[in-house]
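Working notes, beginning with the structure itself.
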Amino acid sequence: MCGIVGYVGKGTATSFLVSGLSKLEYRGYDSAGVAVIEGGDLTVRKFKGRLANLASNIQTSPIKGNIGIGHTRWATHGAPSDMNSHPHLNSEETIAVVHNGIIENYLELREWLKGEGYTFKSETDTEVIPNLIDYYYHGDLFEAVKKAIKRLEGSYAIGVLSKNEPDKLIAVRKDSPLIVGLGEDQFFIASDIPAVLNYTRDVYLLEDGEIAIITNSGVKLFTEDGKSISKEVYHVTWNEDAAEKGGFDDFMLKEVHEQPKAIRDTMTSRVSMDHSICLDDLKLSKEDLENIDRVFIVACGTAYHAGLVGKHVIESLAKIPVEVDIASEFRYRNPLVTDKSLVIVVSQSGETADTLAALRNSKKIGAKIVALTNVVGSTVSREADHVLYTLAGPEISVASTKAYVTQVIGMYMLAMNFAETKGTLTSKELDKLKEELLDLPEKVELVLEDKAKVKEVAKKIYKENDVFYLGRGLDYALALEGALKLKEITYIHADAYAGGELKHGPIALIEEGTKVITPFTQDDLKEKMLSNIIEIKARGAHVIGICYEGTKGVEEVMDEVLYIPKTLGMFGPILGVTVLQLLAYYTAKEKGCDIDKPRNLAKSVTVE
Ligand code: F6R
């Protein structure tokens with residue numbers, strides 16, 4: 001979704017603004033713009049399309065000021081256009097605002113402001129903000145911002161500049177992420193840490209309702225009521241290289257190759273043959289677990305697919321009933337959450353609007369909340385009762401890969417910890433699971449070594465209009481994730497079905513040559529799945545299977561087989577998904593797609 005940056009210092013503002021925005025491109029956007037105070041006036045440049053348009057305009061005609069704000073817009077209100085791009089100005093063009101989020105009551109505010117004599121140029125919700133600030137401006141920008149935000153309903157991270165107070169940048173956060181970077185004699189705001197990492201590793205992570213006033217002499221922080229506050233500086237320890245491509249063509253391919261390390265890091269100090277599974281601060285006793293009426297796993301997209309694996313493993317190992325919900329459904333369906341429920345929210349970014357709302361609704365009811373998230377200091381991590389971090393490192397590609405596998409690892413660890421505490425598994429059974437779990441990184445490495453075969457299969461499917469994925473049990477969860485990966489980066493229509501559902505409708509779609517991808521990692525469902533495969537083969541399907549090395553009887557019925565090392569069925573999704581991610585990647589490559597920035601998608605969905 002939209003990205004925000006801001007700069008105050010002695011350097012040329014646009015050099016940070018453009019470089020910072022380039023580090024936020026992964027969030028998804030369709031236009032980019034900056035506003036800089038130059039010679040006491042506001043200079044605004046904003047263009048539909050890629051950031052390169054803005055960058056080349058600035059290169060041809062540089063802007064000299066030392067204080068500015070910038071924005072990449074992901075259109076919500078009004079189509080992508082120069083006019084709808086940010087920054088937006090008030091009617092008198094004295095105040096500039098960049099905004100990430102949605103102002104839900106903007107129509108009402110817009111009408112009211114029109115009645116007060118204000119005029120509007122864009123179709124955006126954002127344009128009410130500079131006008132509202134102007135309405136309340138009587139010589140003190142901070143006071144005006146405080147009053148204006150009291151009128152706003154919805155979510156926002158905003159950056160504000162005024163030519164009347166040309167040395168000041170004001171930033172506010174509510175329900176949309178915003179950080180303040182603390183450099184030497186220069187300060188920054190940004191939607192995410194990678195934007196400032198070339199300049200500083202020390203940041204403030206703003207909380208909801210906090211306001212920062214940034215000038216050349218430093219950063220002052222306040223509550224929304226204007227009370228001065230102090231805050232701990234968060235020092236970023238991960239490396240800047242983690243946010244660079246490191247020799248790979250695309251972030252997605254790099255991130256798939258980082259999966260062995262991401263899995264190892266996520267298990268370090270938590271899974272060992274020498275001790276019980278440790279889940280950081282999450283220590284539920286046998287009594288706590290027996291008192292849980294139900295576990296709810298709530299998430300969106302790929303994280304939801306990790307939740308489907310979680311349901312399967314928690315139910316089968318720990319014998320606790322689990323419901324898995326898509327966060328946007330959960331929040332509006334009055335689920336039967338009680339103060340005895342355990343709600344696990346899964347979110348790579350920790351900022352997804354629907355997931356956050358599900359967390360907050362459940363917390364109000366008194367449920368215990370566990371966050372499985374990748375971003376330290378994210379809103380979800382701060383609001384949950386307990387956090388289990390996936391240690392995947394920054395994930396830049398819009399299509400989630402290494403975050404998914406670490407979320408699934410998180411689910412295994414939760415299920416095994418619960419099973420051990422409840423005594424539903426013997427120590428011998430647990431040791432076997434741990435042994436296999438610890439072997440997974442090496443096995444993922446073997447899958448990655450075999451990518452040439454996946455590339456060959458990609459060449460056979462990239463011209464298709466439709467591809468189907470079919471699986472049973474955990475392979476169904478895997479099929480859903482494989483289909484999502486393919487559709488989001490190749491734009492090929494892809495659907496996943498449970499094997500047993502075939503005869504209830506989907507088999508009607510099978511005709512001569514239809515490509516069907518079948519993960520085949522669940523030994524207990526092997527015979528059932530083989531029958532499904534034979535049925536679709538009889539109707540002309542071209543079947544591509546993902547099978548353990550040495551599986552008997554598959555080459556006879558499948559057109560192509562991509563082999564993965566043998567593991568326990570429970571861990572099959574980790575190896576299977578690596579193949580499906582590579583297949584989606586190489587198919588997109590064959591089609592010449594912009595893999596890291598697929599059309600219409602945003603990395604962090606901070607609005608509903
Ligand atoms: C798909 C993908 C999305 C995200 C979803 C949730 O590849 O990345 O489906 O999984 O938007 O995002 P987080 O995990 O940040 O809450």
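Residue numbers run from 1 in the order of the sequence given. Whatever order the structure lists them in is the order used to number ligands and atoms, beginning at 1.
Shown here are the side-chain hydrogen bond (donor to acceptor under 3.5 Å, both in side chains) partners of E315, two or more places apart in sequence or in another chain: K311. R382 is linked by a side-chain hydrogen bond (donor to acceptor under 3.5 Å, both in side chains) to E207, counting only residues two or more places apart in sequence or in another chain. Listed by chain and residue number, nothing satisfies the side-chain hydrogen bond (donor to acceptor under 3.5 Å, both in side chains) test with K455 (two or more places apart in sequence, or in another chain).
No side-chain donor-acceptor contact under 3.5 Å links K23 to the backbone of V196.
One finds a salt bridge joining R360 and D175 here, because a Lys/Arg side-chain nitrogen approaches an Asp/Glu carboxylate oxygen to under 4.0 Å. The pair K245-D250 does not meet the salt-bridge criterion, since no charged nitrogen lies less than 4.0 angstrom from a carboxylate oxygen.
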Ligand 1: which protein N/O atoms lie under 3.5 Å from its N/O atoms?
unit_1   : atom_1 : unit_2 : atom_2 : d
ligand 1 : 7 (O)  : T302   : OG1    : 3.3
ligand 1 : 7 (O)  : S400   : N      : 2.8
ligand 1 : 7 (O)  : K485   : NZ     : 3.0
ligand 1 : 7 (O)  : E488   : OE1    : 3.2
ligand 1 : 7 (O)  : E488   : OE2    : 2.4
ligand 1 : 8 (O)  : V398   : O      : 3.2
ligand 1 : 8 (O)  : S400   : N      : 3.4
ligand 1 : 9 (O)  : T302   : N      : 3.1
ligand 1 : 10 (O) : T302   : N      : 3.2
ligand 1 : 14 (O) : Q348   : N      : 2.6
ligand 1 : 15 (O) : S349   : N      : 2.8
ligand 1 : 15 (O) : S349   : OG     : 2.7
ligand 1 : 15 (O) : T352   : OG1    : 3.4
ligand 1 : 16 (O) : S347   : OG     : 2.6
ligand 1 : 16 (O) : T352   : OG1    : 2.5

